[in-house]
Amino acid sequence: MSNSKQQAQELINFIHGSPSTYHAVNNIRKELNEAGFQELDLREEWEVAKGGKYFTTKNGSAIFAFQIGTGEIEEEGFQMICAHSDAPGFKIKPNPEIEVEGNYIKLNTEVYGGPILNTWMDRPLSIAGRVSVKSNDPLHPEHLYVKIDRPLMVIPNLAIHLNRAVNDGVALNKQKDMLPLLSMITEEMEKDNCLVKLIANELKIDAEAIIDFDVNLFEVEKGCIFGLNDEFISSPRLDDLAMAHAGLKALLSVGNSKKTQMLAIFDNEEVGSVTKQGAGSPVLRHILQRIVFKLGKDMEALHRAIYSSFMISADMAHAVHPNIGEKHDPTNRPFINKGPVIKIHANQKYTTDGDSGTVFETLCKNADVPYQKFVNRSDLVGGSTLGNVSTGQVDIRTVDIGNPMFGMHSVRETGGVEDNAFVRKVFTYFFGL
């Protein structure tokens, strides 16, 4: 197996084991622990030192890992890569069971972010997430993680015979059309709280111990490598676990340098980032402050460190679609497996400017990695990402980049095997400076 293909399979395995933000962060935590990183609790006093390796988490769905540089932090600054742990999909509502004419049970869901709805239909689905249970401290419940690794439900399409215009386009109603079928009703089953009882059985705890849950749907089928020459990756949640995974692998592959290396994985990017664990919160600024102050430095040193820093905001990018190429800018046309994409927007939905774009281009050239550029067609409105949100909290020089892909926000997205290797290589070079 080629190195690129092996790295792509590592990504697929990571994503398959990370069906919720909580699982993604927990899996990153495990790799950091195995690599000798020390976990710091946000509620406790920190002790950090030059050359030390540390990480902390927020809400179980965001994680921040850093290796403190051997140089003076106000002079060397932070080398940062940020990405996000969440993906569009469906969250299970409280009291979710809905009985259908005495025969079926379906679950009530709420749409999270902006998924492509029709891609979720007729696919085997299951549930994963965080379960909050009773503890001795009412202000701090115990949290458990559930991931049921078998097909539990499906969101069924309506047959074409009952909707002859289906191939002309159908407007799907999020409350009516997107509810997953869980079970047939039988005389033996207990219909009330059947989901909580299922979760309790999976966790081997008493159902009465469960107070609340943050549980989402996920596609059961594992991602794969495909293409005539095994050149493509098909997987859920490439946006943005592909960038989170690449940043993690880069951080773990380098030793200490004079600069402080940091990987920041935020939650809730898909819903605007303005949460306590999102890029729009002060969490990153607070962590940077604590690091600098615990190194015996003052506020002046913190400001100097920030202005000596550079951030790569890494979120996936749009590749030119093979069937609908006219949706792209006429002169900036990224293709899969042609290298990471520098994302540019005149109205600053992306943070890239001539200065930061030049930095990333130079990083790619020095790492012997190809790169591309993305700009929206001037008559189309595009999305935004972490960079411009996070820099509203910490004014670090930032570039927005990402690997090119098809089907962003589909239940199953398509990326490139070589691109995954390319971005890991340039991230590793960046952290090694």
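On a predicted model such as this, the values are computed, not experimentally measured, just so you know. We use all heavy atoms of the structure for the numbers below, so side chains are in, but hydrogens, waters and symmetry mates are not.
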Would you call E221 and R123 a salt bridge, using N to O less than 4.0 angstrom? no
Of all heavy-atom pairs linking P404 and A319, the shortest is CB-CB, 3.7 Å
* With the threshold set at 4.0 Å, does a side-chain nitrogen-carboxylate oxygen contact exist between K50 and E72? -> yes
Taking atom types as modelled, find out whether H143 and S132 have a side-chain donor-acceptor pair closer than 3.5 angstrom.
yes
query: Under 6.0 Å from the CG atom of D368, do we count more than 12 heavy atoms belonging to anything else shown?
result: no
Could you tell me whether K373 and E361 have a side-chain N and a carboxylate O separated by less than 4.0 Å? yes
| What do you reckon, is NZ of K338 surrounded by more than 12 foreign heavy atoms closer than 6.0 Å? | no
Heavy-atom closest pair (L42 atom, K58 atom, distance to 0.1 Å) is CD1-CD, 3.5 Å
- prompt: Distance-only, no hydrogens or angles: does the S126 side chain make a donor-acceptor pair with backbone N or O of D149 under 3.5 Å?
  reply: no
Does one side chain, of Q277 or N268, offer a donor that lies under 3.5 Å from an acceptor on the other?
yes
The side chain to side chain donor-acceptor pair (under 3.5 Å) partners of E231 (sequence neighbours excluded) come to none
*Cut-off 3.5 Å, side chains only: do N108 and Q175 have a donor facing an acceptor?*
yes
Query raised in the report: Are side-chain heavy atoms of F37 and Q67 found at a separation under 4.5 Å?
Result: yes
Closest non-hydrogen atoms of L363 and F430, given as atom of the first, atom of the second and distance, are CD1-CD1, 3.7 Å
In terms of heavy-atom contacts, D41 and R290 come closest through O-NH2, 4.4 Å
Residues at least two apart in sequence or cross-chain that pass salt bridge (charged side-chain N to carboxylate O under 4.0 Å, His left out) with E110, listed by chain then number, are none
Checklist entry - For D400 and T352, does a side-chain donor sit closer than 3.5 Å to a side-chain acceptor? => result no
With a 6.0 Å cut-off (strictly less than), is the heavy-atom count around CG of D298, excluding the residue itself, greater than 12?
yes
Kindly state whether the ring of F64 and the ring of F266 have centres lying under 6.0 angstrom apart.
yes
query: Are D214 and R130 ion-paired here, with the side-chain N under 4.0 Å from a carboxylate O?
result: yes
**OP:** Give the ring-plane orientation class for H328 versus F374, where under 30° counts as parallel, over 60° as perpendicular and anything between as tilted.
**Re:** perpendicular
>> Counting neighbours of NZ on K349 that are heavy atoms of other residues, nucleotides or ligands and sit closer than 6.0 Å, is the number greater than 12?
In response: yes
(request) Ignoring hydrogens and angles, state whether a donor on the side chain of D395 or Y307 is under 3.5 Å from an acceptor on the partner side chain. (result) yes
Verify, without hydrogens or angle tests, whether Y54 (side chain) and I291 (backbone) share a donor-acceptor contact under 3.5 angstrom. no
Q: Measure up the F14 and H245 rings against each other and bin them: parallel (under 30°), tilted (30 to 60°), perpendicular (over 60°).
A: tilted
With a 4.5 Å limit on heavy-atom distance, are the side chains of V411 and P115 in contact? no
Looking at A24, is its backbone amide N or carbonyl O close enough to the side chain of S85 to form a donor-acceptor pair, meaning the two atoms are under 3.5 Å apart?
no
Take atom NZ of K327 as the centre, draw a 6.0 Å sphere, and report whether it contains more than 12 heavy atoms from other residues, nucleotides or ligands. no
* Examine F226 together with F232 and report whether their ring centres are nearer than 6.0 Å. => yes
Taking every heavy atom of R412 against every heavy atom of K222, the minimum-distance pair comes out as NH2-O, 2.8 Å
Does the side chain of N366 pick up a donor-acceptor pair with the side chain of Y429 at under 3.5 Å? yes
Hits for salt bridge (charged side-chain N to carboxylate O under 4.0 Å, His left out) against E31, two or more places apart or cross-chain, chain-then-number order -> K249
For this session: Return yes if some donor-acceptor pair links the side-chain N/O of Q261 with the main-chain N/O of F431 below 3.5 Å, else return no.
Result: yes
Judged by atom type as modelled, is there a donor-acceptor pair below 3.5 Å linking the side chain of N59 to the main-chain atoms of S61?
no
| message | Between D315 and H84, is there a side-chain donor-acceptor contact under 3.5 Å, judged purely by atom types and distance? | response | yes
Practice item. Answer with yes or no whether the side chains of D86 and T21 bring together a donor and an acceptor at under 3.5 Å. Key: no
